[in-house]
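Notes follow the structure.
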Amino acid sequence: MAAPSIRHCQGAARNRAEHSANSKRRRRIPPATFGCLIGNEVGEPTINVGGIATFDGGLQYSLAVTTGGDPVVTSEKTGRRWMISWPNLVRLAVADGIDQEGA
């Protein structure tokens, strides 16, 4: 089964938040939601870019890019993958203060 696209993931999250049968669960997606957990199924081919491990060596992650150009982070422990679109990656950088002078 192919991995869902970023648009599909965002649409599914929006639908769950806005169209829940339980009115208590009906809420907007928090603005900090930028990426999409796409599970560990094999989907769109990726090209490995690099990897990183925590200082204690406990957690390891790899970074890849899909053939469509979207960055994907994979947990080596669980095999789960997280994808973000380039526009959302830029929004995340701006929200974190990349345009602020100084620092």
Side-chain angles (χ1 to χ4, degrees):
M1 172 185 257
S5 68
I6 199 83
R7 180 179 290 160
H8 172 80
C9 292
Q10 291 168 340
R14 185 180 62 249
N15 286 341
R16 280 193 304 273
E18 293 177 357
H19 302 292
S20 174
N22 184 346
S23 61
K24 292 180 182 177
R25 291 193 55 183
R26 199 174 298 151
R27 63 193 186 314
R28 302 299 277 162
I29 299 172
T33 303
F34 288 97
C36 177
L37 191 61
I38 58 175
N40 56 5
E41 67 271 355
V42 176
E44 187 175 357
T46 58
I47 302 163
N48 282 338
V49 176
I52 190 169
T54 56
F55 288 110
D56 62 3
L59 299 174
Q60 296 180 355
Y61 303 93
S62 62
L63 176 65
V65 178
T66 66
T67 54
D70 293 321
V72 178
V73 176
T74 303
S75 167
E76 299 298 327
K77 179 179 178 183
T78 63
R80 294 175 77 185
R81 301 182 319 154
W82 182 82
M83 181 171 59
I84 188 166
S85 68
W86 282 109
N88 281 339
L89 185 59
V90 171
R91 287 185 193 105
L92 184 60
V94 169
D96 203 31
I98 195 169
D99 292 328
Q100 294 177 354
E101 295 289 331

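Just so you know, residue 1 is the first one in the sequence shown, and it goes up from there. Bear in mind the structure is a predicted one, so any value in this text is a computation, not a measurement.
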>> With a 4.5 Å cut-off on side-chain heavy-atom distances among I, L, V, M, F, W and Y, is there a chain of contacts connecting M83 to V90?
In response: no

> How many angstroms lie between atom CZ of R81 and atom CG of L37, to the nearest 0.5 angstrom?
Replying inline: 10.0 Å

>> Do I84 and W82 make a side-chain contact, defined as non-hydrogen atoms from C-beta onward lying under 4.5 Å apart?
In response: yes

>> Taking the side chain as everything from C-beta on, heavy atoms only, tell me whether W86 gets closer than 4.5 Å to D70.
In response: yes

>> Looking at every heavy atom in both L59 and K77, which two are closest together, and how far apart are they?
In response: CD2-CD, 4.2 Å

> Same cluster or not: are V65 and L92 linked, directly or through other Ile, Leu, Val, Met, Phe, Trp or Tyr residues, by side-chain heavy atoms under 4.5 angstrom apart?
Replying inline: yes

>> So R91 and N88, do their side chains get closer than 4.5 Å, heavy atoms only?
In response: yes

>> Please enumerate all residues that pass side chain to side chain donor-acceptor pair (under 3.5 Å) together with T46, with sequence neighbours excluded.
In response: none

> Would V49 end up clustered with I52 when hydrophobic side chains under 4.5 Å apart are linked, directly or stepwise?
Replying inline: yes

